[in-house]
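The model shown is predicted, which means the values in this text are computed figures rather than measured ones. In what follows, every heavy atom counts, from backbone to side chain, and hydrogens, waters and symmetry copies are set aside.
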Amino acid sequence: MPLVTIDVIKNVFTPQQKQDLIAKVTRAMLEVEGERLRSVTWVRIHEFEGGDWAIGGQALHAADVHGLAAGKATA
């Protein structure tokens with residue numbers, strides 16, 4: 001049974017955006033595996049606290065991700 005886990009930093013996505021992610025990822029999985037496996041296709045979102053996620057040794061927070069999405073470089 002497929003299990004998809006999406007890791008994100010807490011407070012980056014709104015509850016509605018998270019629901020959209022779940023719906024769209026589920027649809028993508030069903031396109032590959034078929035509608036019959038809908039009832040056993042799991043999608044979960046795991047949120048990490050800001051600062052508990054790092055890239056290149058630099059901790060990231062929700063504000064950093066929002067800045068990147070807005071086209072602003074982070075420090």
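Taking both residues in full, the closest heavy atoms of G51 and A59 are given as O-CB, 3.8 Å, listed atom of the first, atom of the second, then distance. Nearest heavy atoms, A54 versus G57: CB-C, 4.3 Å. Of all heavy-atom pairs between K10 and A62, the closest is O-CB, 3.5 Å. The two residues H61 and G50 come nearest to each other via the heavy atoms CD2-C, 3.4 Å.
Distance check: D52 CG to D7 CG gives 12.0 Å after rounding to the nearest 0.5 Å. Between the CD atom in Q58 and the CG atom in L60 there is a gap of 6.5 Å [rounded to 0.5 Å]. The distance from atom CD of E35 to atom OG1 of T41, rounded to the nearest 0.5 Å, is 8.5 Å. Rounding to the nearest 0.5 Å places CG of D20 at 10.5 Å from CZ of F13. In this structure, CD in Q17 is found 10.0 Å from NZ in K24, a value given to the nearest 0.5 Å. Atom NE2 of H66 is separated from atom CG of N11 by 7.0 Å, given to the nearest 0.5 angstrom.
V4 and L30 sit in two unconnected hydrophobic clusters of ILVMFWY residues. Membership requires side-chain heavy atoms under 4.5 Å apart, directly or through other members. A single hydrophobic cluster is not seen to contain both V40 and V43; linkage of ILVMFWY side chains at heavy-atom distances under 4.5 Å, directly or through other members, places them apart. Residues I6 and V65 share a single hydrophobic cluster, defined by chaining ILVMFWY side chains whose heavy atoms lie under 4.5 Å apart. Hydrophobic cluster membership is shared by F48 and I45, with clusters built from Ile, Leu, Val, Met, Phe, Trp and Tyr side chains linked at under 4.5 angstrom.
In this structure T5 satisfies the side chain to side chain donor-acceptor pair (under 3.5 Å) test together with R44, sequence neighbours excluded.
Under the 4.0 Å criterion applied to side-chain N and carboxylate O atoms, E47 and K18 are assigned as salt-bridge partners.
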